[in-house]
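Numbers for residues simply follow the sequence, beginning at 1. Everything numeric in this text was worked out from a predicted model, so none of it was measured. Just follow the structure's listing: the first ligand is 1, and inside any ligand the first atom is 1.
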Amino acid sequence: MALGSEGRDGFTTRFGIVCAAAGSAIGLGNIWRFPYVVGESGGGAFLLIYLAFVLMLGIPVMLSEFVIGRSAKRNAFGAFKKIAPATWWPLVGVIGIVAAFVILAFYSTIAGWTLHYVYLSVINGFKGASALDVTRIFESFQTSGAMPLFWQMIFIMLTAVIILSGVRKGIEKYSKVLMPFLVLLLIALSIRAVTLPGSVAGLHFLFNPDFSKITAPVILGALGQAFFSLSIGMGALITYASYFPDKTNLSSTSFQVSIADVLIAILAGVAIFPAMFALGMQPEEGGPGLIFMVLPNVFQHMPGGYIVSVAFFVLLAIAALTSSISIMEVVVAFLSEELKIARKSATLITVIAAAFVGMFSTLSWSTFKGTGIGDYNIFDLLDFTASNVLLPLGGLLIVIFVGWYMKQQTVKDELTNMGLLRMVVFMIGWYTKDDRTEEDRAKFTALRIRVYSVFMFIVRFIAPIAIAIIFLNAIGLIRI
Ligand code: PFF
């Protein structure tokens, strides 16, 4: 394992970097959360707004996190403390750590459900089940209390084991081999789903925007989904970028990760909605259980359904793991670097705390049924608080920090890798006196400067104003 500067563990290969960041982004957010939120929020119009948010706000926030993380080479809290000592800015890191706990709590609930579905698939538990049976199997599991808790704890422990198996080694190794398989399976599922009778309505729902469905909470929901799915707003990618080597191209990495993330979410939508309409279900009916009630039906109607089902849930669990390690890493890196707690103990503390809060989330449909605010149970409240409040708030502060607080030369250097480039040019010039290098350099930087000015304009003006307006509009303080 290569050591980055200052003796911290670092990512080793370029492919590994993109994979680890993509591994964080691609997870339950794309395959479990995206379809059910789209279903509840009216389909195509939500999809369009979500896409616009990823492009206009998500990518700039992701790139801002990369800039902060790589320039500071610290955890989410420490990065702010290093760049802005004796200010309030490290509080942004605290928001991130709180968000990480909240997300870990409800993320592990769903990841636990996924593990149970691996088990059900292996024992062929859906054999011959009608659509109604599939729904009943899900509901009796969800409301049973002990089983979901058991699987949740297994998942949290698996996450901890990977975190402890060496900082990046585990992540790099697993994510790059397995994610392409998940994509292939999603393609196979989509093909099966769109060839089921009655499936066309599903495609129509997903791709035909009906703008009458758009309300202020739906717009906030699209922002929350974009941030959650891209893993931004809480410093997970600040933490990851702190392990990036100096030569990583930050802007192209942020583009590649975001595009992959969006494509996988859309693919999940194409696998779910046509199947759902073919089964006669209503899109807003599913809730968090949507994929668990729809997909077992699809598996039964395809050749090799048994294997596909096992493989799908195994790969989904792994996708969830590569995301949850990035969430847990935010807390562990903070505890070990800032509070000087050994990584092992830091992981243990995080596991116990996450398991405690997570318990309330998992028991939302059993022990704590009926506890909540309005229609929202504990699980919904945790999800809402993290995705629609803490992540956008963190994202808002992150872009303001990069746009208005950080030294512009530092931001520019990070985006253009100028520090490194200057050194290389200097050295090549020194040894070969080759003036073509200067020309290449001019071309190269001209391109990067364009990216830089667009980026700066967005992080200074567009992103802060847009996020603030979406927020204030959703809580009813302003009306647009
Ligand atoms: N992006 C992950 C997913 O889509 O499943 C979830 C997530 C990971 C959210 C890391 C936030 C985060 F910091």
Any N or O of Met234 closer than 3.5 Å to N or O of ligand 1 | no
What is the nearest protein non-hydrogen atom to atom 4 (O) of ligand 1, stated with its residue, atom name and distance?
-> Ala25 O, 2.8 Å
Nearest protein heavy atom to atom 5 (O) of ligand 1, by residue and atom, and its distance?
-> Tyr107 OH, 2.4 Å
How are the rings of Phe228 and Tyr107 set to each other: parallel, tilted or perpendicular (split at 30° and 60°)?
-> tilted
For the ring pair Phe141 and Tyr119, is the centre-to-centre distance below 6.0 Å?
-> no
So which bit of Ser326 gets within less than 4.0 Å of ligand 1, heavy atoms only: side chain, backbone, both or neither?
-> side chain
Here the atoms of ligand 1 under 4.0 Å from any heavy atom belonging to Gly29 are 3 (C), 4 (O), 5 (O)
Taking atom 11 (C) of ligand 1 as the reference point, the nearest protein heavy atom with its distance | Ser231 CA, 3.6 Å
So which heavy atom on Ser361 is nearest to which on Leu382, and how close?
-> CB-CD1, 3.5 Å
Sub-4.0 Å atoms of ligand 1 with respect to non-hydrogen atoms of Ala236 = 13 (F)
Does an N or O anywhere in Ser229 fall below 3.5 Å from an N or O of ligand 1?
-> yes
Atom 2 (C) of ligand 1: nearest protein contact (heavy atom, Å) | Ser24 O, 3.3 Å
Taking Arg70 for its side chain and Pro245 for its backbone only, find out whether a donor-acceptor pair lies under 3.5 Å.
-> yes
Which ligand 1 atoms does Asn30 reach within 4.0 Å, using its non-hydrogen atoms?
-> 4 (O)
How about Phe299 and Phe126: are their ring centroids closer than 6.0 Å?
-> no
Below 4.0 angstrom, N of the basic side chain to O of the carboxylate: do Glu337 and Arg343 qualify?
-> no
Minimum heavy-atom distance Leu57-Ala466, with the two atoms named = CD2-CB, 4.0 Å
Is Ile26 in polar range of ligand 1, meaning some N or O pair under 3.5 Å apart?
-> no
Taking atom types as modelled, find out whether Ser71 and Glu414 have a side-chain donor-acceptor pair closer than 3.5 angstrom.
-> no
Aromatic ring centroids of Phe461 and Trp404 under 6.0 Å?
-> yes
To the nearest 0.1 Å, how far is atom 9 (C) of ligand 1 from its closest protein heavy atom, and which atom is that?
-> Phe228 O, 3.3 Å
If you count the atoms of ligand 1 from 1 in the order shown, which ones are under 4.0 Å from a heavy atom of Leu28?
-> 5 (O)
